[in-house]
Amino acid sequence: MLKEFKVTLYTTQDCSKCKLLKMLLATKHVDFRELDAIANRESIKDTWFASAPIIKFEYEWEAPMWFEDTQSFVAFLDDNWIGLPA
C-alpha cells in the first residue's frame with residue numbers, strides 16, 4: 001500500500017523552473033500545494049535555499065524532506081514509484 005504523502009511547492013511569480021515543475025507534476029498526476037515563497041519566507045528560512053522552487057515532501061510520520069534541485073526531486077519521485085514515470 002502506498003504511503004500517504006504531501007508535496008508543497010514554494011514558488012515565485014516569475015520563476016520559470018517553478019512553472020516547469022508544476023507542469024511536470026501535473027503530467028505525473030502528483031498533487032501538490034503551492035505557496036508563495038516570499039509571503040511564506042518564515043516557513044522556509046531554515047532551509048537556507050536561495051532560489052525557487054523550494055520543495056517540501058512529507059511522507060506519513062517521517063521528517064519532511066526538502067529539495068531545491070528539481071531534477072533531484074523528480075528522480076526521488078521516480079525512484080520511489082510516486083506518480084507516473086517522468
Side-chain angles (χ1 to χ4, degrees):
M1 185 169 122
L2 182 64
K3 292 182 178 182
E4 293 292 320
F5 66 89
K6 292 193 290 186
V7 176
T8 304
L9 304 180
Y10 293 88
T11 64
T12 58
Q13 188 173 14
D14 298 328
C15 172
S16 59
K17 289 192 316 185
C18 300
K19 292 174 187 168
L20 288 173
L21 178 59
K22 291 187 289 186
M23 288 190 308
L24 178 66
L25 291 178
T27 61
K28 289 177 71 57
H29 299 280
V30 173
D31 293 329
F32 61 90
R33 177 175 71 154
E34 181 179 10
L35 298 174
D36 182 88
I38 296 168
N40 291 281
R41 64 183 164 269
E42 279 298 310
S43 300
I44 57 176
K45 69 178 182 179
D46 291 336
T47 66
W48 294 95
F49 293 147
S51 64
I54 297 172
I55 306 154
K56 181 180 181 183
F57 183 86
E58 298 172 273
Y59 205 47
E60 284 196 358
W61 298 283
E62 297 177 23
M65 297 173 65
W66 293 88
F67 297 85
E68 182 181 33
D69 178 59
T70 302
Q71 289 179 315
S72 296
F73 178 63
V74 172
F76 169 80
L77 293 178
D78 289 346
D79 291 346
N80 289 281
W81 299 83
I82 298 170
L84 298 176

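Through direct or indirect side-chain contacts shorter than 4.5 Å among Ile, Leu, Val, Met, Phe, Trp and Tyr, M23 is connected to L20. Taking Ile, Leu, Val, Met, Phe, Trp and Tyr as members and joining any whose side-chain heavy atoms lie under 4.5 Å apart, directly or through other members, W61 forms no hydrophobic cluster with any other residue.
Legend: disulfide bond (SG atoms under 2.5 Å apart) pairs involving residues 48-81, not counting sequence neighbours: none detected. Every pair passing disulfide bond (SG atoms under 2.5 Å apart) that includes a residue from residues 11-83 is listed here, sequence neighbours excluded: C15-C18. Pairs of residues two or more places apart, or lying in two chains, never qualify as disulfide bond (SG atoms under 2.5 Å apart) while including a residue from residues 50-81. Every pair passing salt bridge (charged side-chain N to carboxylate O under 4.0 Å, His left out) that includes a residue from residues 39-50 is listed here, sequence neighbours excluded: E42-K45. Residue pairs satisfying the side-chain hydrogen bond (donor to acceptor under 3.5 Å, both in side chains) criterion with at least one member in residues 9-20, sequence neighbours excluded, are listed as follows: T11-E34.
T47 pairs by the side-chain hydrogen bond (donor to acceptor under 3.5 Å, both in side chains) definition with nothing, not counting sequence neighbours. Judged as a ring pair (Phe, Tyr, Trp, His ring centres under 6.0 Å), and not counting sequence neighbours, the contacts of F73 are F67. Applying the side-chain hydrogen bond (donor to acceptor under 3.5 Å, both in side chains) test to D69 and every residue at least two apart in sequence or in another chain returns S72. Not a single side-chain hydrogen bond (donor to acceptor under 3.5 Å, both in side chains) links T70 to another residue, sequence neighbours left out. With sequence neighbours excluded, the residues forming a side-chain contact (heavy atoms from CB on, under 4.5 Å) with R33 are T8, L35, listed by chain and number.
Within the 3.5 Å criterion, the main-chain N or O of S43 finds no donor-acceptor partner in the side chain of N40.
Clustering ILVMFWY residues whenever any of their side-chain heavy atoms sit less than 4.5 angstrom apart, transitively, puts L9 in a cluster other than the one holding W66. I54 and V7 end up in different hydrophobic clusters when Ile, Leu, Val, Met, Phe, Trp and Tyr side chains are linked at under 4.5 Å. Cluster annotation: M65 is connected to L25 through the hydrophobic network of ILVMFWY side chains, with a link wherever side-chain heavy atoms come within less than 4.5 Å.
To the nearest 0.5 Å, atom CZ of residue F57 and atom CD of residue E62 are 8.5 Å apart.
The shortest distance between side-chain heavy atoms of F32 and L21 does not fall below 4.5 Å. Residues K56 and I44 are not in side-chain contact: their nearest non-hydrogen atoms beyond the backbone lie 4.5 Å or more apart.
Ring geometry for F5 against Y59 counts as tilted: the plane angle lies between 30° and 60°, on a 0 to 90° scale.
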